[in-house]
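The first residue in the sequence is number 1, and the count goes up from there.
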Amino acid sequence: MSCLQLVNPRVKGIRVSSHSELQSLAAQITQVALKSFKEVIDVSSGDLHKAGMKPVSFVRQVLSACLYPELLKDKDLPLDVRLRAQRFLEACDGGSIGSYTASSGMWYVRQSIAEFITRRDAGVPSYAKDVFISSGSQRALMVIVRLISTVEGETQTGVLTPLPCPSTLPALLDEAGVTLEPYKLMEDQGWAVDLNELHRALKAAKGCCNPRAIYISNPGNPTGHVQDRKSIQEVIQFAAAERLLLLVDEVYQDCVFGPGTEFISYKKVLFEMGQEFSEKVELVSFHSLSSGTMGECGLRAGYMELINIDPEVKHFVDTCLCTDTCAPVTGQLALHVMVNPPTPGDPSYDAYTQEILLTQAALSQNAQRAQEFLNDLPGMSCEPAMGGIYLYPRLYLPSEIIKQAEISEVEADVLYCRRLLKEEGVLLGAGCQNGETTTKHHLRLCFHVPPETLEEVLARLSSFHLRLFDALPHPDRHV
C-alpha cells in the first residue's frame, strides 16, 4: 500500500483508544533504568496472569498431557487428568491437537458447553448446534455485529450500548460500520439499567440510524453491577416490544460475590417468561475463557449461544468463522475443562475446588478493600461492585487539572492516568476508554490481582492522588 489514501475509510474511522497510548508509555517507562518504583503495575485491563494470578492447575495439567502425549504414561499426573487428556485427543482428527477442527469448533467441546449451559440454567435445554466457538468472545461479537450491519450508502445499523461500556466495544462497532447509540447506566443506583433511559436512547437512535440490537454486559464491565431477575425481565420485554436482537455479554458469570447477589442468565429468565417471549426473542449470549476465574487470555477461546436465530442465518455465522479456519485447539480444550471441571470423587476435585474458592474469596475481599479505600480519598467516590473484576470510581478533578487537559488536548482522566503512570508506575484505565465523553470523569481499576499487588497499587495511587490534590487549591477536597 503506497499511500494513506488507499486505506479503507472504515478502518481509518476506527476510534483510537487512549489506552494504546498509555500502554506504549508504560512500555517506555519499563525500559528506563532510573525510576522511583521497581516496576510498572498494570491494573487497567483483565489480563489476570500478567497481573500475577496463577493459572488453574487442572487446566494446565490437561493441556500439558495433550501437547505432549508421552505424559499420559506419567503416573505422577492424577488419573482424571490423564483420562481427560486421552478422551480429548481421541476427539481430535489424527489424535493430535495440532490438527484443525470444524470452523465452529469441535463438536465434542460444543456438546460439553451445551451440557454446562443446561446445568447452569436448571434444566433449560441447550443444544450443541446452537453453540459456536470462536477465538474469544470479542471475535464472536464481531461476527454477529457484521451480520446485522448495512452496506455502504444505506442507513447505518445502530446498537444500543451502555455507557460506560467495555473498553474494546466502541472500536469494534466502528470496524463493523455500526453506530454506537448510548444509553446511560444509573451510577447513583449502583450502575443499574434503567428502562426509561432505554426508551429515551431508542427514540434518539431512530433519528440517525436503524437500531437493530441492544448490548448488555451482565455482570457489568466495567461497573460490577449484577442484574436481578426483574431487571432482566424488563430488558427482555423492551427488546421484544421493539424487535431488537439481544447481545448479552456474560463473561463474568462466575465472578459474582455481592451480598444476596446471584448470577441469572438471560436465557434462563427468557424461558421462564413463557412462549410469548421464549419462542420469539432473538438472543445471543457470550462467554469467554479469558475472563473470570480461568483468566486464560492468551489461549484465545470463547463461545456464543444463539437462541431463536434463523437456521439460514446460523449458516452465515459459520461462514464468517471460516475466515479464521478454527479457534485455537488449545483454547477449545481449556474451554472444555472450564465448563466440565472435576466432580466429587475425581482425584483432582479437592485441589481444583480449593484453588477456585481461594480465587473467588480473594476477588470478593479485594473488591471491598479497594472500594472502601477509594471512597476515603478526597475527590473520589466509588460504587461497590457486586460482580466482575473492575471498580469504576468517579473522579472529581480540580479545575486546574481540567484546564491542563484542555491545553494538552486530552481528556482530564487520561491526563490523570498519564501522570500517575509516570510518577508512580501504576497503569489505570481512563473512563473515556469506556465510551464516556461527558464532563464526568472516571477510572477503571481491575481488582482481580494478588492481594499484595492490590495493596501496592492502592499505596502508590494514594501517594499520587494526595500529592496532586495538596498541590492545587480547590474548594471540594472531600466529596
Determine yes or no for a side-chain-to-main-chain donor-acceptor pair under 3.5 angstrom, with S217 supplying the side chain and P219 the backbone. yes
Assess whether ring-ring contact (aromatic ring centres under 6.0 Å, His included) is satisfied between F464 and Y416, documenting all intermediate values. CA-CA 10 Å; F464 165 78; Y416 181 97; 5.1 Å; yes
Heavy-atom side-chain contact between L461 and L420 under 4.5 Å: yes
Side chain to side chain donor-acceptor pair (under 3.5 Å), that's the test. Do Q332 and T101 meet it? Break it down for me. CA-CA 10 Å; Q332 295 189 53; T101 73; 3.1 Å; yes
Salt bridge check, E296 against R60: does any charged N sit closer than 4.0 Å to a carboxylate O? yes
Compare all side-chain heavy atoms of V159 with those of L180 and state whether any distance is below 4.5 angstrom. no
My understanding is that only residues two or more places apart in sequence, or in another chain, count here; which of them pass ring-ring contact (aromatic ring centres under 6.0 Å, His included) with F88? none
So, R418 versus S408: side-chain donor-acceptor pair below 3.5 Å or not? no
Heavy-atom pair of closest approach, residues I148 and T157: O-OG1, 2.6 Å
Between Y215 and D249, do the side chains contain an N or O donor and an N or O acceptor separated by less than 3.5 Å? yes
So which atom in P211 and which in L202 form the shortest heavy-atom distance, rounded to 0.1 Å? CG-CD1, 3.6 Å
Exam field: side chain D228 to backbone S231, donor-acceptor pair closer than 3.5 Å: yes
Within 45° of the six-membered ring axis of F132 and under 6.0 Å from that ring's centre, is NZ or CZ of R110 located there? yes
Do the non-hydrogen side-chain atoms of V131 and F116 ever get within less than 4.5 Å of each other? no
Taking the side chain from S348 and the backbone from Y352, do they hold a donor-acceptor pair closer than 3.5 Å? no
So CD1 of I216 and CG of L283: to nearest 0.5 Å the spacing works out to 11.0 Å
Judged by modelled atom types alone, do S112 and N340 share a side-chain donor-acceptor pair under 3.5 Å? no
Test log, rule side-chain contact (heavy atoms from CB on, under 4.5 Å), inputs Q138 and L172: CA-CA 8 Å; Q138 290 294 293; L172 183 149; 3.4 Å; yes
Could you tell me whether E423 and R467 make a salt bridge, using a distance below 4.0 angstrom between a side-chain N and a carboxylate O? yes
Let me see the working for R229 and I232 under side-chain contact (heavy atoms from CB on, under 4.5 Å), right down to the final yes or no. CA-CA 5 Å; R229 181 176 271 99; I232 294 173; 5.7 Å; no
Are any of the side-chain heavy atoms of V426 and L421 separated by less than 4.5 Å? no
Given side-chain contact (heavy atoms from CB on, under 4.5 Å), test Y183 with D194 step by step and report yes or no. CA-CA 9 Å; Y183 65 88; D194 181 76; over 6 Å; no
Separation between OH of Y252 and OG of S291, rounded to the nearest 0.5 Å: 4.0 Å
Measuring only between side-chain heavy atoms, which start at C-beta, is T330 closer than 4.5 Å to L63? yes
Are Y392 and E187 linked by a side-chain donor-acceptor pair shorter than 3.5 Å? no
Look only at the side chain of Y396 and the backbone of K440, and say whether a donor-acceptor pair between them is shorter than 3.5 Å. no
side-chain contact (heavy atoms from CB on, under 4.5 Å), that's the test. Do M304 and S285 meet it? Break it down for me. CA-CA 5 Å; M304 55 183 160; S285 61; over 6 Å; no
For the CG atom of L147 and the CG atom of L245, what is their distance to the nearest 0.5 Å? 10.0 Å
Do the side chains of E175 and R146 get close enough for a salt bridge, i.e. N-O under 4.0 angstrom? yes
Between the main-chain N or O of H448 and the side-chain N or O of N366, is there a donor-acceptor pair closer than 3.5 Å? no
Can D42 and S44 be counted as having a side-chain donor-acceptor contact under 3.5 angstrom? yes
For the atom pair CZ (R212) and SG (C209), what is the distance rounded to the nearest 0.5 Å? 11.5 Å
Considering all heavy atoms of both residues, which atom of T293 and which atom of Q360 are nearest to each other, and what is their separation? CG2-CG, 3.9 Å
Is it true that T353 and D350 share a donor-acceptor pair across their side chains at a distance under 3.5 Å? no
Strictly distance-based, threshold 3.5 Å: is any side-chain N or O of D346 a donor or acceptor partner for the main-chain N or O of D80? no
Test your reading of the model: is there a side-chain donor-acceptor pair from H441 to the backbone of A412, 3.5 Å cut-off? no
If we ignore angles and hydrogens, is there a donor and acceptor under 3.5 Å between the side chains of Q61 and R82? no
Separation of L71 CG from C66 SG (nearest 0.5 Å): 10.0 Å
Trace of the side chain to side chain donor-acceptor pair (under 3.5 Å) decision for S290 with R300: CA-CA 7 Å; S290 304; R300 305 312 306 140; 3.2 Å; yes
In terms of side-chain heavy atoms, does Q368 have a donor or acceptor partner in E372 at a distance below 3.5 Å? yes
Can you name the closest pair of heavy atoms from V56 and E355 and give their distance? CA-OE1, 3.4 Å
Where the side chain of D324 meets the backbone of L321, is there a donor-acceptor pair that is under 3.5 Å apart? no
Would you mind telling me which of Q371, R444, M380 makes a side-chain contact (heavy atoms from CB on, under 4.5 Å) with P393? M380
Between the SG atom in C446 and the CE atom in M53, the distance rounded to the nearest 0.5 Å is 9.0 Å
Please determine whether a side-chain nitrogen of the Lys or Arg among E250 and K267 lies less than 4.0 Å from a carboxylate oxygen of the Asp or Glu. no
What residue among L374, L391, L395 forms side-chain contact (heavy atoms from CB on, under 4.5 Å) with L443? L395
Strictly below 4.0 Å, N to O, side chains only: are E383 and R394 in salt-bridge contact? no
In short, C297 meets L48 closest at the heavy-atom pair SG-N, 4.3 Å
I need the minimum non-hydrogen distance between C326 and Y100, along with the two atoms involved. SG-CD2, 4.0 Å
Does any N or O in the side chain of S137 come within less than 3.5 Å of the main-chain N or O of H287, such that one atom is a donor and the other an acceptor? no
For the backbone of Y303 and the side chain of S134, can you confirm whether one donor and one acceptor N or O come within less than 3.5 Å of each other? no
Is it true that E197 and R200 make a salt bridge, defined as a side-chain N closer than 4.0 Å to a carboxylate O? yes
